[in-house]
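To start, the structure itself, in structure tokens.
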Protein chains: 2
Amino acid sequence: MQLHKRDVVAAATSLLDDYGLADLSMRRLARELQVSPGALYWHFANKQQLLGAVADHVLAPVGRPSGDWPSRIGALCRQVRDALLSHTDGAELVSASFAAAESTVMADVVGQLTDAAAEAGVPATNAELTARTVVYYVLGFTVDEQSRRQWDAAGADLPDASLLTDDQDTRFDFGVRLLIDGILARREQRV
Amino acid sequence: MQLHKRDVVAAATSLLDDYGLADLSMRRLARELQVSPGALYWHFANKQQLLGAVADHVLAPVGRPSGDWPSRIGALCRQVRDALLSHTDGAELVSASFAAAESTVMADVVGQLTDAAAEAGVPATNAELTARTVVYYVLGFTVDEQSRRQWDAAGADLPDASLLTDDQDTRFDFGVRLLIDGILARREQRV
DNA sequence: ACCTGAACACCGTTCAAGT
DNA sequence: ACCTGAACACCGTTCAAGT
């Protein structure tokens with residue numbers, strides 16, 4: 001039967017979860033789907049674009065939270081982090097796809113955060129920069145968290161994972177609040 | 001004559017500047033140095049470790065600024081950004097090496113920023129997280145800036161680069177101030 | 001329109017063997 | 001101690017040719 005984009009993305013996601021980003025190659029994916037490597041290039045221009053589609057699939061649970069601007073920022077940050085932690089190397093994948101501008105969901109997240117920053121009173125020229133600063137934090141924090149998590153999971157007597165998880169939630173929120181307080185301080189002085 | 005670590009790093013840096021990170025391979029580097037690929041593995045455990053050494057070479061101009069904590073943070077951020085912009089794909093290289101914990105200079109920068117955060121009054125448990133948040137911003141911002149810069153440089157009628165450069169300096173400083181203000185707000189409440 | 005087969009031009013890493 | 005040569009096990013991408 002015919003190969004569809006969504007089948008390719010689904011197979012790629014399962015390879016990601018089972019073997020990690022380093023072992024997610026075009027050739028291996030083709031083998032899994034029982035097609036020739038070239039077939040993938042009918043559906044995707046290149047590997048980066050395919051990974052962008054996988055990133056957007058990972059980010060599918062991220063929504064459009066409502067409320068005042070600080071709680072919207074908080075909710076969005078938590079939703080992105082949770083989505084990344086749900087897949088092996090999810091943070092690394094999304095981080096790379098964001099840098100390559102291949103994730104439409106991350107572009108939308110930046111849009112939502114830009115609106116929140118504008119609502120907070122950040123000058124229009126700096127609202128998107130403010131949004132990106134929040135994204136850099138979420139991605140940086142989660143890449144780090146996930147690499148430690150996965151390193152612990154492989155070997156090493158893990159010292160009660162649940163306690164550390166609570167700790168990481170608290171630490172993550174600390175950074176989000178630091179950013180929100182920074183935004184508050186950088187509002188336009190309107191006399 | 002014998003191959004030394006510093007020769008390898010120097011040759012790698014010049015390949016980086018001339019052809020970019022994607023074309024900096026172990027095999028190409030060996031060819032440039034007129035040794036067999038295996039020779040590099042006598043001096044470096046793997047490619048990541050070698051790239052970490054190159055990252056530290058790129059970061060060599062970063063110093064240990066003095067002054068009060070906000071100006072130390074500001075100076076450090078500017079120094080790191082300037083160093084990254086001085087080499088092709090410098091930001092991407094250092095970002096990857098930092099994530100892989102292969103750059104001792106970036107580890108030192110985090111140390112300096114942690115001290116600054118502690119001096120600002122951030123609780124000890126969150127001082128390092130605060131420091132890493134600043135680093136995520138500097139790396140994220142500069143990766144983005146450099147990729148746009150290099151995209152413009154290759155083809156496209158660049159609309160007077162100098163004006164945009166001033167603009168980028170101002171934008172960078174805005175983010176740094178946002179973080180400093182966030183740190184100020186997250187000081188321990190000592191009555 | 002969609003895919004195969006085969007090729008092109010590479011990779012990182014290892015390791016017996018040499019000097 | 002330091003390096004070579006050769007191998008192992010792969011890559012991403014392209015494209016004429018097929019259906």
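Only this structure's heavy atoms are used, side chains among them; waters, hydrogens and symmetry mates stay out. Numbers restart at 1 for each chain; the letters A, B, ... are given by sequence-line order, proteins then strands. Note that the structure is predicted; figures quoted are calculated from it, not measured.
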Mind calculating the distance between [atom1] ([X]) and [atom2] ([N]) to the nearest angstrom?
X	N	atom1	atom2	result
R31(A)	dG5(C)	CZ	P	15 Å
L50(A)	dC11(D)	CG	P	14 Å
L24(B)	dC10(C)	CG	P	15 Å
L21(A)	dG12(D)	CG	C1'	15 Å
L40(B)	dC11(C)	CG	C1'	14 Å
D23(A)	dC10(D)	CG	P	10 Å
R28(A)	dC11(D)	CZ	C1'	13 Å
F44(B)	dC2(D)	CZ	P	13 Å

Does a salt bridge link [X] with [Y], judged by any charged N lying under 4.0 Å from a carboxylate O?
X	Y	value
D169(B)	R81(B)	yes
E128(B)	R132(B)	yes
D181(A)	R177(A)	no

### Task
State whether the side chain of E119(A) and the backbone N or O of D68(A) hold a donor-acceptor pair below 3.5 Å, judged by distance alone.
no

### Query
Can any side-chain N or O of Q146(A) pair as donor or acceptor with the backbone N or O of L84(A) at less than 3.5 Å?
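Yes; judged by distance alone, with no hydrogens or angles, the pair exists.
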
### Query
So F174(A) and V122(B), side-chain contact (heavy atoms from CB on, under 4.5 Å) or not? Walk me through it.
CA-CA 11 Å; F174(A) 177 90; V122(B) 171; 3.9 Å; yes

Where the side chain of [X] is defined as all heavy atoms beyond and including C-beta, which of [options] is the nearest nucleotide?
X	options	answer
M26(B)	dC3(D), dT13(D), dG12(C)	dG12(C)
Y41(B)	dT14(C), dC3(D), dC3(C)	dT14(C)
Q2(B)	dG5(C), dC2(D), dC11(C)	dC2(D)
W42(B)	dA1(D), dC3(C), dG12(D)	dA1(D)
V35(B)	dG5(C), dT4(D), dT13(C)	dT4(D)

### Task
Would you check if L33(B) and L40(B) make a side-chain contact, meaning some heavy-atom pair closer than 4.5 Å?
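SC-SC contact between L33(B) and L40(B) confirmed.
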
### Query
Do the side chains of W69(A) and L184(A) get nearer than 4.5 Å, heavy atoms only?
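With C-beta onward as the side chain, the pair touches.
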
### Task
Look at the side-chain N and O atoms of H43(B) and state whether any lies under 4.0 Å from the OP1 or OP2 oxygen of dA1(D).
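H43(B) to dA1(D) OP1/OP2: no side-chain N or O under 4.0 Å.
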
### Query
Looking at S25(A), does any N or O in its side chain come under 4.0 Å of the phosphate oxygens OP1/OP2 on dC11(D)?
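Answer yes for this pair, as a side-chain N or O of S25(A) is under 4.0 Å from OP1 or OP2.
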
### Separation of the P atoms in dC8(C) and dA9(D), to the nearest angstrom
23 Å

### Nearest-Å distance once atom C1' is located in both dT14(D) and dC3(C)
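It comes out at 14 Å once rounded to the nearest Å.
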
### Query
How does DNA chain D read in dot-bracket, base by base from 5' to 3', with Watson-Crick or G-U pairs under 3.5 Å and | used when the partner is on another strand?
||.|||||...|||||.||

### Message
Return whichever of G38(A) or R27(A) has its heavy-atom-nearest nucleotide of DNA chain C closer to the 5' end.
### Response
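Per heavy-atom nearest nucleotide, the more 5' residue is G38(A).
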
